[in-house]
Amino acid sequence: MEEKMFCFQCQEACKNSGCTLAGMCGKKAETANLMDELLRQLKLIAISREPDMELGRFIARSLFMTVTNANFDNAALDKQLKQAIAMTGNTAVELPVGILACQNEDIRSLRELLTYGVKGIAAYAEHAAVLGKEDMAIYRFFFKALQTAAVSENADELLAVILEAGEVAVKTMALLDSANTGTFGNPQITAVKTGVGNRPGILVSGHDLLDLKELLEQSKDDNIDIYTHSEMLPAHYYPELKKYPHLYGNYGNAWHLQSREFAAFNGPILMTTNCITPVQESYRNRIFTTGMAGYTGIPHIADREKGGMKDFSAIIELAKKCPPPEKLEDGTIVGGFAHAQVLALADQVVSAVKSGAIKRFVVMAGCDGRQKERQYYSDVAENLPADTVILTAGCAKYRYNKLVTGDINGIPRVLDAGQCNDCYSLAVIALKLKEIFNVQDINDLPISFDISWYEQKAVAVLLALLHLGFKNLRLGPTLPAFLSPNVAGILVNAFDIKGISDCQSDIAAMMVGK
């Protein structure tokens with residue numbers, strides 16, 4: 001059968017090989033091909049223009065649009081493509097369109113690993129830029145990385161820039177952490193309600209905290225409640241957001257369950273960034289997108305003017321006409337264990353480790369997804385010995401953050417640092433423990449990594465961990481389809497990256513540092 005597209009950038013790649021007729025994410029072939037055209041044009045900009053702040057921000061926003069489950073709106077992608085064409089300088093370089101234009105499997109693999117890592121970094125950079133934090137060094141790297149991914153056929157050169165991407169990923173996540181905490185305060189330990197109230201509500205999904213802040217401010221006198229969904233759960237941990245009494249609680253679970261959960265919510269839904277899935281008729285007339293998110297036929301709330309707010313009046317007025325949400329569950333989720341909060345508990349944590357009460361930390365951060373194989377992560381969390389602590393960030397936590405796992409000397413056994421955007425906190429915690437315990441090699445700490453991945457921000461996080469020196473990382477539920485056997489071998493040999501196996505075998509290995 002003739003291929004209509006080719007995409008293997010996410011963990012759902014068909015048969016762990018590639019999507020050729022339509023994306024498993026719901027992306028149509030026409031949309032995928034528009035994204036390929038946009039990516040080609042961004043590479044031509046990087047080749048033909050000198051970096052500046054305006055171009056850097058444009059590239060970051062454009063790359064963000066091509067992240068899995070971010071934008072399904074062909075008109076929006078076509079508009080972005082036309083802007084990119086207008087921004088391209090004179091160049092004699094001819095770049096073919098599409099991933100498979102590169103015939104050498106290993107060079108193609110390295111180019112795509114670099115490209116997907118940069119897409120993830122771009123998403124973090126755009127989040128920081130929304131809050132007024134930009135770094136020209138990060139934008140310059142985008143130019144370098146896109147140039148290299150466009151034309152290099154040298155494996156060593158590509159690998160060097162990939163490793164540099166890990167360094168830039170750390171810098172970008174630190175910038176975003178500074179932007180978030182500088183704007184909203186340091187996250188605090190918080191118990192978040194999962195039930196519902198008796199007032200109409202608005203459900204906010206995605207990742208953008210400023211969108212939520214502006215919506216809270218504009219709706220504070222309207223007798224409605226605001227609920228978070230999926231990766232917006234950590235909003236409840238920030239002092240500047242939790243001060244709004246109508247930020248009621250968290251509704252539902254990870255992104256891939258939104259079809260059922262959005263239908264049950266009854267009120268309007270605001271999708272602020274990536275993680276939108278194909279929109280269903282049951283809620284089509286009450287979902288909105290904003291920012292880099294988009295979906296054909298769905299109202300899009302325009303960007304804020306400089307110094308102003310987005311206008312959320314349409315979604316607020318719709319909410320007033322809707323019934324309250326249907327109750328899915330009724331309990332609490334405890335989180336807020338970002339680096340500042342955990343380091344405030346450092347003496348307590350160190351004492352527990354030295355006494356043997358805590359034998360090991362297991363980092364189970366990353367993404368959730370649809371496949372039944374992801375039950376593995378729930379099974380691992382349930383079966384870890386009682387003297388282990390789970391460090392988590394991202395929507396992977398929904399596999400275990402509602403389990404009754406207890407505590408160790410008052411320290412919860414699941415410490416949620418926040419969004420996938422907040423994986424930086426986990427690295428800071430590990431580096432601080434390295435300092436406290438005075439070990440030479442960070443891999444000598446009692447920390448194991450059992451990471452679940454789905455999309456390109458997870459690729460950026462992986463490269464960041466490699467830059468920081470972490471080895472012996474488990475990655476699942478499958479290794480990326482875009483890694484050729486030879487490139488996968490490089491990562492295995494250099495960093496001891498491995499796939500997951502069965503729950504009990506992996507637990508036994510992690511408990512002895514393997």
Side-chain angles (χ1 to χ4, degrees), residues 73 130 184 190 192-236 238-253 255 257-273 275-305 308-333:
D73 186 349
V130 164
F184 306 111
T190 306
V192 182
K193 292 180 290 189
T194 60
V196 298
N198 56 12
R199 302 197 301 183
I202 297 172
L203 185 61
V204 184
S205 195
H207 302 77
D208 196 293
L209 298 175
L210 185 58
D211 285 343
L212 177 61
K213 164 77 172 178
E214 293 178 356
L215 176 61
L216 287 165
E217 183 62 29
Q218 293 174 38
S219 62
K220 63 185 179 183
D221 299 320
D222 287 300
N223 199 35
I224 61 175
D225 291 322
I226 308 298
Y227 295 78
T228 57
H229 176 264
S230 191
E231 283 275 60
M232 291 301 289
L233 163 64
H236 294 270
Y238 287 94
E240 285 300 308
L241 298 175
K242 65 192 296 184
K243 71 182 183 182
Y244 289 92
H246 68 304
L247 181 60
Y248 188 90
N250 191 72
Y251 189 85
N253 297 275
W255 63 273
L257 298 172
Q258 65 188 244
S259 293
R260 176 175 64 87
E261 294 172 352
F262 286 5
F265 185 73
N266 295 329
I269 301 116
L270 176 64
M271 182 59 67
T272 64
T273 60
C275 292
I276 190 171
T277 63
V279 174
Q280 305 299 303
E281 288 301 321
S282 56
Y283 56 87
R284 177 176 289 274
N285 63 347
R286 51 186 174 84
I287 186 170
F288 298 71
T289 62
T290 192
M292 295 298 97
Y295 199 93
T296 300
I298 298 304
H300 187 81
I301 294 172
D303 288 344
R304 58 186 64 81
E305 297 292 333
M309 290 187 182
K310 290 184 180 179
D311 180 3
F312 292 113
S313 58
I315 195 169
I316 293 169
E317 289 306 309
L318 177 58
K320 295 176 182 178
K321 303 171 186 176
C322 294
E326 174 187 327
K327 184 169 72 172
L328 298 178
E329 54 192 321
D330 194 3
T332 57
I333 303 172

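Because only heavy atoms are used, hydrogens play no part in the values below, and waters and symmetry mates are left out as well, while side chains stay in.
H246 and S219 get closest at one heavy-atom pair: NE2-OG, 3.0 Å. Of all heavy-atom pairs spanning D208 and T272, the tightest one is N-OG1, 3.2 Å. Closest of all the heavy-atom pairs between V196 and E326 is CG1-O, 4.1 Å. Between F184 and P239, the closest heavy-atom pair is O-CD, 3.2 Å. Summarising the geometry of G294 relative to T289, their closest heavy-atom pair is CA-OG1, 3.8 Å, with the distance given to 0.1 Å. Of all heavy-atom pairs spanning R304 and E214, the tightest one is NE-OE2, 2.9 Å.
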Worksheet item: Run the side-chain contact (heavy atoms from CB on, under 4.5 Å) check on K213 and Y244 step by step: do they pass?
Response: CA-CA 9 Å; K213 164 77 172 178; Y244 289 92; 3.2 Å; yes
Worksheet item: Can D303 and K310 be said to form a side-chain contact (heavy atoms from CB on, under 4.5 Å), step by step?
Response: CA-CA 6 Å; D303 288 344; K310 290 184 180 179; 4.3 Å; yes
Practice prompt. Report the C-alpha separation of T194 and N250 in whole Å, then their side-chain angles, then the decisive distance to 0.1 Å, and conclude whether the side-chain hydrogen bond (donor to acceptor under 3.5 Å, both in side chains) test is met.
Written response: CA-CA 5 Å; T194 60; N250 191 72; over 6 Å; no
Fill in: Intermediate values then yes/no, side-chain contact (heavy atoms from CB on, under 4.5 Å), L241 and H236
CA-CA 6 Å; L241 298 175; H236 294 270; over 6 Å; no
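Using a 4.5 Å heavy-atom cutoff, the side chains of H300 and D73 are not in contact. In this structure, P234 and M232 have side chains that are not in contact, with every pair of non-hydrogen atoms separated by 4.5 Å or more. Looking at K320 and N223, their side chains never come closer than 4.5 Å, going by heavy atoms from C-beta outward.
To the nearest 0.5 Å, atoms CD1 (I316) and CG (D222) are separated by 5.5 Å. Between the CG atom of N285 and the CD1 atom of I298 there is a distance of 9.0 Å, given to the nearest 0.5 Å. The distance from the OH atom of Y248 to the CD1 atom of I226 is 13.5 Å, given to the nearest 0.5 Å. Separation of atoms NZ (K327) and OH (Y251) is listed at 11.0 Å; rounding is to 0.5 Å. The CG atom of D211 lies 11.0 Å from the CG atom of L216; values are rounded to the nearest 0.5 Å. For the atom pair CZ (F312) and CG (L270), the distance works out to 5.5 Å, reported to the nearest 0.5 Å.
Counting only distance, with no hydrogens or angles, the side chain of R286 and the backbone of I315 share no donor-acceptor pair below 3.5 Å. Remark: side-chain polar atoms of S230 are not paired, donor with acceptor, to backbone N or O of S205 under 3.5 angstrom. E317 places no side-chain N or O within 3.5 Å of a backbone atom of A314 that could act as its donor or acceptor partner.
For residues 257-267, no residue pair satisfies the salt bridge (Lys or Arg N to Asp or Glu O under 4.0 Å) rule, not counting sequence neighbours.
Between F265 and Y283, the distance from one ring center to the other does not fall under 6.0 angstrom.
With sequence neighbours left out, the salt bridge (charged side-chain N to carboxylate O under 4.0 Å, His left out) criterion links E305 to no other residue.
Within 6.0 Å of CG on D330 lie more than 12 heavy atoms contributed by other residues, nucleotides or ligands.
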